[in-house]
K.L.:
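I'd like to ask some things about the structure below.
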Amino acid sequence: MADSKKRILTGDRPTGNLHLGHYVGSLANRVKLQKEYDSFILIADVQALTTHWEKDENLAENIFAIALDYLSVGIDPEISTILIQSMVPELFELTMYFSLYTSVNVLRHNPTIKSEAAQHGFKDMTYGFLGYPVSQAADIAIFKAHLVPVGEDQIPHLELARKIVRRFNDLYRPVLVEPDTLVGEVPRLVGLDGKTKMSKSLNNAIFLSDSSDTIKSKIRSAVTDPARIRKNDPGHPDICTIFQYQQIFNKNEISEIETNCRQGSIGCVDCKNRLFVQLEQLLAPMRERRSKFANNMPLVRDILFDGTSKARAVAEDTMREVREAMKINYFNQ
Ligand code: TRP
């Protein structure tokens, strides 16, 4: 059985399309590791509701959009399990048990919670929002994941998850697995504005679902080295956003581009075109896979349904052990 493999659990909130930052931060690792690990990918719709409880009209649409993103980057539904968080009710149960011994102050001081609360303008945090890292710990623990590939902003949540699992195993019985974190090759991809990280809400992202034309025009309008006015002016790659992308997506040409930029022998238009070619090489096969699945949405529905059913069976097994360890399995001891 696939059970001899170690397990990966990771996930995303379905709040919009995934972008290149997600790809280099986490998705690329998931694709790479899906043969080696038994991979579970969770669509965190409940977690999305912790910030969008009043305006959830797009939730179903977003769930299917993120599933298409997964399938388009090459998550193979034959070997990876994609599941929907709200449809595994055992997660709520484990979240509750974890919350019994998780300190409110620890959650209040979680840096990711703090910055998200500020971003959403929450003055008075709800119980559900403050507690979502506890539910995330349950996501990981219920599937006994060994490894969690995530972006850098998730590190505080993973540290908490490890503590919660360790505490559970100490308090009751060692039935849960302490997970390791795996951050991607590029933990924090800069946005097209060059100022902060790439993010949908900052409107500086290249989406995996962008068309070729959209990508071309996004790259064309990206800011480069502001001191470079004429093509032959010497450039400063160290302060150029496009150069940062070249370092990631165009490794083969990087030293040549750097030398030529510094000498003023390659212009920004030319340099941007070269980046565009590389991004197209990465994204064109994704577009092809996407359109195949997008033309067969009943199949995508089945993938989500089957993945969720399979995941639920695993969650039920773990919960049986959890109740036994906590001595709350009153009728079947
Ligand atoms: N917090 C993650 C995000 O915002 C989503 C998530 C939910 C997750 N549960 C998880 C990630 C479990 C890794 C493991 O993208």
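Whatever order the structure lists them in is the order used to number ligands and atoms, beginning at 1.
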K.L.:
Identify, for atom 7 (C) of ligand 1, the protein heavy atom at the shortest distance, and state residue, atom and that distance.
P.N.:
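Looking at atom 7 (C) of ligand 1, the protein heavy atom closest to it is Gln47 NE2, 3.3 Å.
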K.L.:
Within ligand 1, which atoms have a heavy atom of Leu42 less than 4.0 Å away?
P.N.:
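Taking each heavy atom of Leu42 in turn, ligand 1 has 9 (N) under 4.0 Å.
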K.L.:
Near Ile140, which atoms of ligand 1 are under 4.0 Å from a heavy atom of that residue?
P.N.:
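That gives atoms 12 (C), 14 (C) of ligand 1.
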K.L.:
Same hydrophobic cluster for Leu192 and Ile248, using side-chain heavy-atom links shorter than 4.5 Å among ILVMFWY?
P.N.:
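Yes; tracing contacts between hydrophobic side chains, which count when under 4.5 Å, links both residues.
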K.L.:
First locate atom OG1 of Thr181, then atom CD of Glu159, and finally report the distance between them rounded to the nearest 0.5 Å.
P.N.:
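CD of Glu159 is found 7.5 Å from OG1 of Thr181.
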K.L.:
Among all the protein's non-hydrogen atoms, which is closest to atom 2 (C) of ligand 1, and how far away is it?
P.N.:
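Protein heavy atom with the smallest distance to atom 2 (C) of ligand 1: Gln154 OE1, 3.3 Å.
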K.L.:
Who's the nearest protein heavy-atom neighbour of atom 14 (C) of ligand 1, and how far?
P.N.:
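Protein heavy atom at minimum distance: Leu9 CD1, 3.6 Å.
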K.L.:
So Phe40 and Phe143, would you call those rings parallel, tilted or perpendicular, with 30° and 60° as cut-offs?
P.N.:
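Ring orientation, 0 to 90° scale: tilted.
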K.L.:
What is the nearest protein non-hydrogen atom to atom 4 (O) of ligand 1, stated with its residue, atom name and distance?
P.N.:
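Result: Arg13 NE, 3.1 Å.
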K.L.:
Which atoms of ligand 1 are found less than 4.0 Å from any heavy atom of Ala44?
P.N.:
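Reading through ligand 1 atom by atom, the close ones are 7 (C).
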K.L.:
Identify, by atom number and element, the atoms of ligand 1 in contact range of Val148, meaning under 4.0 Å from any of its heavy atoms.
P.N.:
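The atoms of ligand 1 under 4.0 Å from a heavy atom of Val148 are 13 (C), 14 (C).
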K.L.:
Looking only at distances, please establish whether an N/O atom of ligand 1 is found under 3.5 Å from an N/O atom of Gln136.
P.N.:
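Yes; at least one N/O pair falls below 3.5 Å.
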K.L.:
Please check if Ile254 and Val190 belong to a single hydrophobic cluster, counting links between Ile, Leu, Val, Met, Phe, Trp and Tyr side chain heavy atoms closer than 4.5 Å.
P.N.:
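They do not share one cluster, since no chain of ILVMFWY contacts under 4.5 Å joins Ile254 to Val190.
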K.L.:
What protein heavy atom lies closest to atom 9 (N) of ligand 1? Include the residue and the distance to one decimal.
P.N.:
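Looking at atom 9 (N) of ligand 1, the protein heavy atom closest to it is Asp139 OD2, 2.7 Å.
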K.L.:
Say whether, by atom type as modelled, one donor and one acceptor occur between the side chain of Gln246 and the main chain of Lys251 under 3.5 angstrom.
P.N.:
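Judged by distance alone, no pair lies under 3.5 Å.
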K.L.:
Is it true that Glu256 and Arg274 make a salt bridge, defined as a side-chain N closer than 4.0 Å to a carboxylate O?
P.N.:
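Salt bridge: yes.
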K.L.:
Is there a chain of hydrophobic side chains (I, L, V, M, F, W, Y, each step under 4.5 Å between heavy atoms) that links Leu42 to Val183?
P.N.:
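Result: no, two separate clusters.
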